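Data block below; observations after.
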Amino acid sequence: NSKLENIYTNEAYLLCKEWEIKRLLPRFENNVKSLDKKDYKIIKRLDQVERLFERLSFEEYVGVSYVRFPDSDKDGQMTLFGGDELRLMALSDRKECYVIDLCDDISESYIANALYDLSCKCNILSFNLKDMLYDFEGLNRDNCFDVSVAFYLLDPTKKEYSYDDIASEYLNMMLPGREELIGKKSIASQFDSNKDKIIELKGNEAYVACNGFIKILPELKGEYDNLYYNIEMPLLFTLYDMEREGIYLDKNALEEYGNTLNSRINELENNIYDLAGEEFNINSPKQLGEILFSEDKLGLPGSKKTKSGYSTAADVLEKLAPEHEIVKDILEYRGLAKLYSTYVEGLLKAQDSDGKIHCNFQQTVTATGRLSCTEPNLQNIPIRLELGRMIRKVFYPRDGFVFVDADYSQVELRVLAHMSGDEGLIDSFNRGDDIHTSTASKIFDVEPEDVTPLMRRTAKAVNFGIVYGESSFGLSENLGISRKEAKKYIEDYFKVYPKMKEFLESLKDKAREKGYSETLLGRKRPIIELSSKNFNIRSFGERVAMNTPIQGTAADIIKIAMVNVDRKLRDSNMKSRLILQVHDELLIEAAKEEEDKVYDILKDEMMNAISLLVPLEIDIHSGNTWYEAK
DNA sequence: GTGTTCACG
DNA sequence: ACGTACGTGAACACA
Ligand SMILES: [Mg+2]
């Protein structure tokens, strides 16, 4: 007799979105109070366009969004060789949103120039300014701001920064998102058949860009003023320039390297099949685990580790190597197959028609404030093993230039020394000691010259462990020792660096109290895991509370250095350019005659990016390939 | 799509 | 007792 209430409420709608139960979303359409429908003035005549830009020029902020694609993609017609064309541009002020339809006599160059003029008179807001610059290079950079980067600073743990999420969270508006409006297919493939929805999509985006940004201006001009206006926004333009510049790839050398790998891979493959007594897919952890551990196969002592069965990860296999000849071949095969598929094939696929690799730097992805890098990822090019390291020989500078590579020495431990204020650690860095040797001599209570390689290795692992959020379990796992021994090392560490324990405790306490952890420059990461009832999740939250201020501050520091290096290169009218960042490393393509000056700039700007209680040191090298410059 | 593995800092 | 080292992205297998 009880009437079922409508379960399709606004709250349930948002939860379905958050949990990505996408197939339920259409059911909400007629139930959600007001899937707000902003209306848009559609503009198709040149005189209207002219009046629109005139009108907008009196606004302080204008949100922009647009559609641009080549002819060949349009509704599946494979008209080849069609150039990129601007189709729609949405422009929004606080009240009104306009969508220009370029189908008629409105030329793309007219719109572009009107937009460039507008960017001299008011602030342009975009959800993806870095990509927008590829299409509208003439924008006045001083007056362009990225909305996603702004909201990323407010909460860097979000999966994405979409206008519908921002509208519901910050503007109390329920707008249909991209997938609800046009599904999963590309805009180009349905541009003519679904134009109304595409216009609504772009209109929404421009509208929220403007109003969302204005809504958080107090925060941006307040606690995030330095991070947003002095660091992230200038950095966005630096990243754009780095991506555009790209880096040359020696295709022939890489193919030759690939061929060498390939013959060895084939040898190993046959060896492995012989030793196993049958053919199977070595790349399948499931099949490999079966071959290695099953009683009726090789029956090696297996240690179950993963959800799906036996673990065949390298550390497990390494312990197994003495048991059977096949294991070392599998390990070698794994290494070579990784190099071949990820780096040889991957990089060749990513090479542009100009012979260069143009990666994408992601500015709104990591929870700590670091950058990430995709398509391809140039931040994980091999270096630790010589065979992989050789891949760096195929990255080379343009004619008349050399690479200059500078990387920070122990930047995270220096940040830790500064933030903790521990005199022992600070003194070690100020004396210029090797930090792992210094830590070893302290925790093993021997003279630095009596520190053995094993002691140094152990101390290095302890130092890493502290940065990762002190835990005896992780350390024991890493060193292959008992938890008890690991715990002892950590206790000894806290004895010889007495301020460290209370410092790490204070990071956890502060994060629990405020709900977020914070870097030296005020970058914040919410840590909801700290209030979890689940021990594992809560412990993870504690490690994150200790790690984020350290990793995040290091990220802040190199971002400052990048902005300052880039500025100095340009202000001095130099030809040398920043081309890559790898977390604690900057790579510059330097004109040969500018090499000395580039050294000076890198040293100066990296070492003085911030003033800490310890010096910031760098290693710096040059060479004719990335390999030579390390 | 999810899980596993492995490359980097 | 609990049981993971922190932060990423790409390839591959398999359901
Ligand atoms: Mg380094």
Side-chain angles (χ1 to χ4, degrees), chain A residues 20 22 156-157 280-289 305-317 330-331 333-347 349-350 359-362 365-385 387-389 391-392 407-412 416 461-479 483 486 490 517 525 527 529 532-552 554-555 558 580-585 630:
Chain A
E20 294 182 332
K22 299 260 164 68
T157 65
F280 64 101
N281 188 344
I282 311 169
N283 293 318
S284 162
K286 194 179 166 216
Q287 292 181 38
L288 179 59
K305 258 184 68 179
T306 66
K307 303 174 188 181
S308 33
Y310 304 109
S311 170
T312 65
D315 57 333
V316 175
L317 261 42
I330 290 168
L331 283 166
Y333 173 90
R334 276 260 180 87
L336 300 190
K338 175 83 172 180
L339 293 177
Y340 191 80
S341 67
T342 303
Y343 298 102
V344 177
E345 290 185 317
L347 289 172
K349 263 186 273 176
C359 64
N360 295 307
F361 287 105
Q362 307 293 328
V365 167
T366 74
T368 55
R370 274 190 180 182
L371 300 175
S372 78
C373 182
T374 61
E375 276 180 315
N377 182 358
L378 293 181
Q379 291 183 320
N380 71 347
I381 302 302
I383 191 166
R384 292 171 189 171
L385 302 175
L387 183 65
R389 189 177 194 144
I391 291 173
R392 294 177 177 237
D407 79 294
Y408 280 115
S409 154
Q410 306 297 347
V411 64
E412 291 188 347
L416 178 64
V462 173
N463 279 330
F464 269 89
I466 298 293
V467 169
Y468 290 161
E470 160 269 316
S471 89
S472 52
F473 202 87
L475 183 63
S476 67
E477 181 85 2
N478 181 274
L479 286 176
R483 238 189 100 192
I490 292 171
S517 65
R525 169 186 183 171
I527 309 178
E529 291 88 347
S532 170
K533 286 172 64 176
N534 180 305
F535 175 87
N536 291 326
I537 297 176
R538 194 169 63 250
S539 301
F540 171 71
E542 291 172 356
R543 293 194 296 276
V544 162
M546 295 184 271
N547 172 264
T548 298
I550 301 168
Q551 186 182 124
I558 197 163
L580 285 182
Q581 184 252 43
V582 191
H583 309 306
D584 73 340
E585 166 189 1
K630 286 294 288 184

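As the structure is a computational prediction, the values presented were derived from the model and not from experiment. Residue numbering restarts at 1 for every chain, and letters A, B, ... go by the order of the sequence lines. Scope of the values below: all heavy atoms of this structure, side chains included, with no hydrogens, waters or symmetry mates.
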Let me know the distance between [atom1] of [X] and [atom2] of [N], rounded to the nearest Å.
X        : N      : atom1 : atom2 : result
A:Ile466 : C:dT4  : CD1   : C1'   : 15 Å
A:Lys305 : C:dA5  : NZ    : P     : 8 Å
A:Arg525 : C:dG7  : CZ    : C1'   : 8 Å
A:Asn478 : C:dG3  : CG    : C1'   : 16 Å
A:Glu412 : C:dA5  : CD    : C1'   : 13 Å
A:Tyr468 : C:dT4  : OH    : P     : 17 Å
A:Glu345 : C:dC12 : CD    : P     : 6 Å
A:Phe535 : C:dA1  : CZ    : P     : 12 Å

Quick one: label [X] by what it contacts on the DNA or RNA (base, sugar-phosphate, nothing), any heavy atom closer than 4.0 Å.
X        : value
A:Val467 : nothing
A:Ser311 : sugar-phosphate
A:Ala314 : sugar-phosphate
A:Asn281 : sugar-phosphate
A:Gly465 : base
A:Ala337 : nothing
A:Ala461 : base
A:Phe473 : base
A:Gln287 : sugar-phosphate
A:Ile383 : sugar-phosphate
A:Arg384 : base
A:Arg483 : base
A:Asn536 : base
A:Thr312 : sugar-phosphate

* To do: Verify, without hydrogens or angle tests, whether A:Gln287 (side chain) and A:Ile282 (backbone) share a donor-acceptor contact under 3.5 angstrom.
  =>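 Flag not set: sc A:Gln287 to bb A:Ile282 has no pair under 3.5 Å.
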* Test item: A:Thr366 side-chain N/O and A:Gly369 main-chain N/O as donor-acceptor pair under 3.5 Å -> yes
Between [X] and [Y], what is the shortest heavy-atom contact and its length?
X        : Y        : answer
A:Arg392 : A:Ile381 : NH2-O, 2.7 Å
A:Gln581 : A:Ile558 : NE2-CG2, 3.3 Å
A:Leu347 : A:Leu378 : CD2-CD2, 4.0 Å
A:Leu317 : A:Leu331 : CB-CD2, 3.7 Å
A:Val544 : A:Ser517 : O-OG, 4.5 Å

* Sub-4.0 Å heavy-atom contacts from residues 368-378 of chain A onto DNA chain C, ordered by number ->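 Heavy-atom contacts with DNA chain C come from A:Thr368, A:Arg370, A:Ser372, A:Cys373, A:Thr374, A:Glu375, A:Asn377.
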* Asked: How far does the P atom of B:dC6 sit from the matching atom of C:dA5, given to the nearest Å?
  -> 14 Å
* Taking atom P in both B:dT5 and C:dT4, compute the distance separating them and give it to the nearest angstrom. =>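 So the two P atoms sit 14 Å from each other.
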* To do: For A:Tyr310, check ring-ring contact (aromatic ring centres under 6.0 Å, His included) against everything at least two apart and list the hits.
  => A:Phe293
Check whether any side-chain N or O of [X] sits under 4.0 Å from OP1 or OP2 of [N], and answer yes or no.
X        : N      : value
A:Gln551 : C:dT8  : no
A:Lys338 : C:dA10 : no
A:Arg543 : C:dT4  : no

* Structure fact -> Note: for A:Thr548 and A:Ser472 on DNA chain C, the residue whose nearest nucleotide lies more 5' is A:Ser472
* Side-chain contact test, heavy atoms from C-beta onward, threshold under 4.5 Å: evaluate it for A:Asn536 versus A:Asn534 and give yes or no. =>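 A side-chain contact under 4.5 Å exists here.
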* Any side-chain heavy-atom pair of A:Cys373 and A:Val582 under 4.5 Å ->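 No. Closest side-chain heavy atoms not under 4.5 Å.
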* Asked: Looking at CD1 of A:Ile383 and CD1 of A:Ile391, how far apart are the two atoms once the value is rounded to the nearest 0.5 Å?
  ->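 Nearest 0.5 Å value for the CD1-CD1 distance: 11.5 Å.
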* Give, for atom CD of A:Gln551 and atom CG of A:Asp584, the distance between the pair rounded to the nearest 0.5 Å. =>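 Between A:Gln551 CD and A:Asp584 CG, I get 11.0 Å after rounding to 0.5 Å.
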* Asked: Tell me, what's DNA chain C's dot-bracket, Watson-Crick or G-U with both distances under 3.5 Å, | for other-strand, [ ] crossing?
  -> .....|||||||||.
* Asked: Hey, where on DNA chain B does chain A first and last touch, going 5' to 3'? Cut-off is any atom under 4.0 Å from a heavy atom.
  ->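 From 5' to 3', the first and last contacting nucleotides are B:dG3 to B:dG9.
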* Pair listing, salt bridge (charged side-chain N to carboxylate O under 4.0 Å, His left out) test, anchored in residues 365-376 of chain A, at least two apart ->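 For residues 365-376 of chain A: A:Arg370-A:Glu412.
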Atom pairs and distances, side-chain donor-acceptor, residues 465-475 of chain A, under 3.5 Å, sequence neighbours left out:
{"unit_1": "A:Ser471", "atom_1": "OG", "unit_2": "A:Gly474", "atom_2": "N", "d": "3.1"}

